[in-house]
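Each chain gets a letter, A, B and so on, in the order its sequence line appears, and its residues count up from 1. Predicted model only: the values in this text are computed from it and were never measured. Below, all heavy atoms of this structure are taken into account, side chains as well, without hydrogens, waters or symmetry copies.
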Amino acid sequence: MSNVRVRFAPSPTGYLHIGGVRTALFNWLFARHEGGTFVLRIEDTDQDRSTDEAIGIILEGLKWTGLDCDEGPYRQTDRLELYREQAMKLLEEGKAYWCICTPEELETRRKEAQAKGESLKYDGRCREKSLTTPTEPAALRFKSPQDGQTIIDDLIKGKIVFENQVLDDLIILRTNGYPTYNFCVVIDDALMNITHVIRGDDHVNNTPRQVPLFEALGFTVPKFAHLPMILGSDKARLSKRHGATSVLAYQEMGYLPEALINYLVRLGWSHGDQEVFSMDEMVSLFRIDQVQSSAAVFNPEKLLWLNAQYIRNSDPQLVAEQMNSHLQKEGYDEKAYSRIPGGVEALVPPLRERSETLLDMVKGAAPYLAETITIEEGAAKKFLTPAIASSLTKFADRLKMESSFTKEALELVFHGVLEEDGLKMGKLAQPLRVALTGGTVSPGIYEVMGLLGKTRTLDRLRQGIKQAESPTSSSM
RNA sequence: GAUCCCAUCGUCUAGCUUGGCCUAGGACGGCACCCUCUCAAGGUGCAGACACGGGUUCAAAUCCCGUUGGGAUCACCA
């Protein structure tokens with residue numbers, strides 16, 4: 001195992017969203033490619049917004065995607081002492097100071113500055129007060145360097161230069177004693193020996209605030225790689241407005257985790273013209289420095305297409321397993337499964353060719369799982385006509401006599417009727433389809449009969465013929 | 001407003017590092033046709049982009065500068 005260590009550090013303030021999964025994925029791929037370690041860290045120092053429920057949802061989402069971590073999850077609230085210790089060290093060394101400006105004062109000063117068109121940064125008025133034991137509520141601020149430059153050699157974006165004079169003396173310990181994000185991140189990344197910080201683009205501007213902190217504490221500065229954002233169709237940052245953004249929502253909508261991951265990896269990364277990647281291929285081909293530096297628009301249609309690809313090309317048994325939980329949610333039970341010769345797995349080959357999601361498959365499976373069907377009125381009117389009744393009857397009678405129920409046998413019987421009655425394939429297949437499935441759309445007619453089995457095929461055929469003979473009775 | 005980032009078909013992208021192979025390739029989506037028992041799938045084809053303006057060069061999508069446009073960040077949130 002190499003010494004490469006990366007981390008995914010979500011804050012548990014809501015569900016795990018698509019952007020988070022992409023960040024996790026790129027970290028995971030980098031770790032796996034390098035033979036390194038993937039650490040999961042929960043950033044829950046915001047007492048007001050973090051919840052245990054959210055942690056559970058994040059873990060569940062990550063599990064579904066298959067992005068397994070090697071260490072963690074660590075929780076920052078379990079590490080509070082560590083942050084305070086390091087903060088005190090900075091104070092003792094004169095690299096931090098107590099600030100007694102109240103949030104209200106700061107807020108009004110910011111507003112004034114904004115009105116005058118001046119910089120909004122903290123004016124540093126407590127910097128030289130050197131308060132040792134403040135008697136009023138005080139926050140601890142880090143003395144940011146005010147001259148020179150902070151240069152980041154980003155693995156994705158290249159060299160980024162910041163003038164240190166724009167840097168704020170940021171608060172590292174709040175009045176309530178809790179450390180702040182920018183401080184915890186640095187301490188954790190340092191203490192966890194994180195070698196590469198791979199995170200969203202939105203953190204670029206945090207980096208020059210964090211680098212001096214690493215340096216002040218005598219830690220090695222990790223390498224940085226800032227991932228481009230994922231945008232919605234209107235080029236604004238992806239949000240609920242653009243549709244589902246929670247990973248688990250995609251699970252519910254019948255997506256395969258492999259498809260989602262495959263879609264996400266192509267957002268910002270590519271390997272020639274290749275569109276479909278197995279996890280193994282991704283791991284071996286992925287290079288962090290090949291990641292695109294521009295933002296990408298999330299395209300649900302392409303995701304759907306990829307999902308369809310995965311549904312069609314994955315191992316049928318695997319697809320059946322994934323479909324199972326959706327079937328259960330729809331209320332189908334063992335009894336329903338037992339009606340199909342070959343069981344649920346037999347549904348996969350005929351249904352998956354016309355399904356983009358597992359939900360589509362569940363929908364398509366209905367006529368075969370259910371005891372009875374309802375024939376669509378329009379379909380009955382158009383296809384179950386008196387004119388076709390005799391041919392259907394002939395087909396039913398011969399089928400009954402036929403001892404085998406293989407596709408070949410069915411085909412033979414079916415074509416026999418066609419020839420004798422001078423019918424084209426579609427003339428008989430469509431009424432038959434309606435009688436057997438209740439609708440005009442289904443897999444091939446022989447597959448349909450196979451999924452129903454002989455008994456149910458004949459039963460439904462009989463009902464259909466009855467309806468064809470007297471079209472006035474609209475339901476069975 | 002300040003700081004930073006970004007810019008190839010509608011969308012994801014190849015090409016950009018190391019200028020000529022680019023008359024700019026692929027994929028999704030769209031359209032047309034073929035196949036066909038329905039619907040799909042599949043096959044074939046078509047339309048569709050180097051944001052703009054200057055340089056540098058024999059040669060620029062590729063290098064440089066500017067403009068424009070988009071985005072991110074500026075909290076005792078993360």
Side-chain angles (χ1 to χ4, degrees), chain A residues 9-13 43-46 48-50 76 99 101-103 106-107 110 113-114 116-122 137-141 152 154 157-158 160-163 166-168 170-176 178-182 184-185 200-209 226 228-229 231 233 235-237 263 266-276 289 292-306 308 312 351-356 360 364 379 383 414 418 424-434 437 439-446 448:
Chain A
S11 56
T13 54
E43 311 221 317
D44 58 349
T45 52
D46 183 346
D48 297 332
R49 297 197 303 154
S50 301
Q76 289 188 323
C99 171
C101 300
T102 65
L106 294 170
E107 182 59 30
R110 257 195 304 271
Q114 188 158 33
K116 284 189 219 156
E118 292 168 0
S119 159
L120 304 185
K121 76 180 235 190
Y122 176 62
L140 195 64
R141 279 186 193 269
I152 296 145
D154 193 277
K157 296 189 184 288
I160 309 174
V161 181
F162 295 89
E163 296 298 329
V166 306
L167 262 33
D168 226 330
L170 73 165
I171 288 175
I172 57 178
L173 236 46
R174 300 180 176 100
T175 317
N176 67 7
Y178 275 87
T180 55
Y181 165 76
N182 276 114
C184 298
V185 167
D201 222 347
D202 47 341
H203 286 287
V204 174
N205 286 293
N206 280 325
T207 314
R209 321 175 87 193
H226 287 96
M229 298 274 90
L231 312 176
S233 49
K235 306 249 176 170
R237 195 200 193 115
Y263 176 70
R266 284 285 288 99
L267 241 38
W269 178 81
S270 62
H271 184 257
D273 289 339
Q274 191 169 344
E275 295 288 350
V276 180
D289 56 357
Q292 189 107 19
S293 51
S294 55
V297 173
F298 185 80
N299 183 348
E301 285 178 329
K302 188 158 183 182
L303 169 58
L304 201 56
W305 172 78
L306 259 173
R312 271 167 219 142
L351 289 180
R352 66 171 168 183
E353 287 302 322
R354 47 218 106 216
S355 299
E356 289 178 308
D360 290 343
F383 294 106
F414 191 82
L418 287 185
K424 283 203 168 178
M425 184 85 188
K427 281 286 178 216
L428 187 57
Q430 226 22 23
L432 186 54
R433 172 170 285 113
V434 173
T437 68
T440 54
V441 174
S442 84
I445 202 67
Y446 307 120
V448 168

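- Applying the salt bridge (Lys or Arg N to Asp or Glu O under 4.0 Å) rule to A:K427 yields no partners; only residues at least two apart in sequence or on another chain are considered.
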Would you check, one step at a time, whether the test side chain to side chain contact (heavy atoms under 4.5 Å, CB included) holds for A:I160 with A:H226?
CA-CA 11 Å; A:I160 309 174; A:H226 287 96; 5.5 Å; no
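- Annotation: of the two residues near RNA chain B, A:Y263 and A:D44, the 5′-most nearest-nucleotide partner is A:Y263.
- As the counterpart of B:A72, B:U3 is assigned, both hydrogen-bonding distances of the Watson-Crick or G-U wobble pattern falling under 3.5 Å.
- To the nearest whole angstrom, the two P atoms, one in B:G45 and one in B:C6, are 38 Å apart.
- Taking the side chain to side chain donor-acceptor pair (under 3.5 Å) definition, one finds that A:E301 meets it with nothing, sequence neighbours left out.
- By the side chain to side chain donor-acceptor pair (under 3.5 Å) test, A:E43 pairs with A:R41, A:Q76, sequence neighbours left out.
- Within 4.0 Å of A:I171, counting heavy atoms only, lies at least one base atom of the nucleic acid.
- Taking A:E275 as the reference, A:R266, A:K302 meet the salt bridge (Lys or Arg N to Asp or Glu O under 4.0 Å) condition, with sequence neighbours excluded.
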All N/O contacts under 3.5 Å from nucleotides 61-72 of chain B to the protein, with atom names and distances to one decimal?
from, atom 1, to, atom 2, distance (Å)
B:A72, O3', A:R237, NH1, 3.2

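- In this structure, the salt bridge (Lys or Arg N to Asp or Glu O under 4.0 Å) partners of A:R49, at least two apart in sequence or on a different chain, are A:D46.
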Footprint string (nucleotides 18-37 of chain B, 5' to 3'): B base within contact, S backbone only, - free, heavy atoms under 4.0 Å
-------BBBBS-------B
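- Residue contacts for A:S442: at a heavy-atom cut-off of 4.0 Å it reaches a base atom on one of the strands shown.
- Taking only side-chain atoms of A:S294, from C-beta outward, the nucleotide of B:A7, B:A78, B:C76 with the closest atom is B:A7.
- Within the structure, a side-chain polar atom (N or O) of A:T45 is placed less than 4.0 Å from OP1 or OP2 of B:A78.
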Collect all protein-nucleotide pairs involving nucleotides 44-53 of chain B in which both atoms are nitrogen or oxygen and the distance is under 3.5 Å.
none

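- For the P atom pair drawn from B:G71 and B:U8, the interatomic distance equals 15 Å after rounding to whole Å.
- Every residue meeting the ring pair (Phe, Tyr, Trp, His ring centres under 6.0 Å) condition with A:Y181, not counting sequence neighbours, appears here in chain and number order: A:H203.
- Taking the nucleotide of RNA chain B with the nearest heavy atom to each of A:T440 and A:V161, the more 5' of the two is matched to A:V161.
- A:G200 comes within 4.0 angstrom of no nucleic acid atom, judged by non-hydrogen atoms across all strands.
- No contact: A:D168 has no heavy atom under 4.0 Å from any strand.
- Counting any heavy atom pair closer than 4.0 Å across all strands shown, A:V434 reaches no nucleic acid atom.
- Qualifying side chain to side chain donor-acceptor pair (under 3.5 Å) partners for A:N205, counting only residues two or more places apart in sequence or in other chains: none.
- Across B:A78, B:A14, B:A7, the shortest atom-to-atom separation from the side chain of A:Q292 is found for B:A14.
- By the side chain to side chain donor-acceptor pair (under 3.5 Å) test, A:R110 pairs with A:E107, sequence neighbours left out.
- The salt bridge (Lys or Arg N to Asp or Glu O under 4.0 Å) test applied to A:R237 returns A:D202, not counting sequence neighbours.
- B:G29 and B:U11 have their C1' atoms separated by 8 Å, given to the nearest Å.
- A gap of 37 Å separates the C1' atoms of B:A61 and B:A41, to the nearest Å.
- Nucleic acid contact for A:F162: sugar-phosphate only, since backbone atoms but no base atoms lie under 4.0 Å from a heavy atom of the residue.
- Using a 4.0 Å heavy-atom cutoff across all strands shown, A:N206 reaches at least one base atom of the nucleic acid.
- Side-chain N/O atoms of A:R209 include none lying less than 4.0 angstrom from OP1 or OP2 on B:C4.
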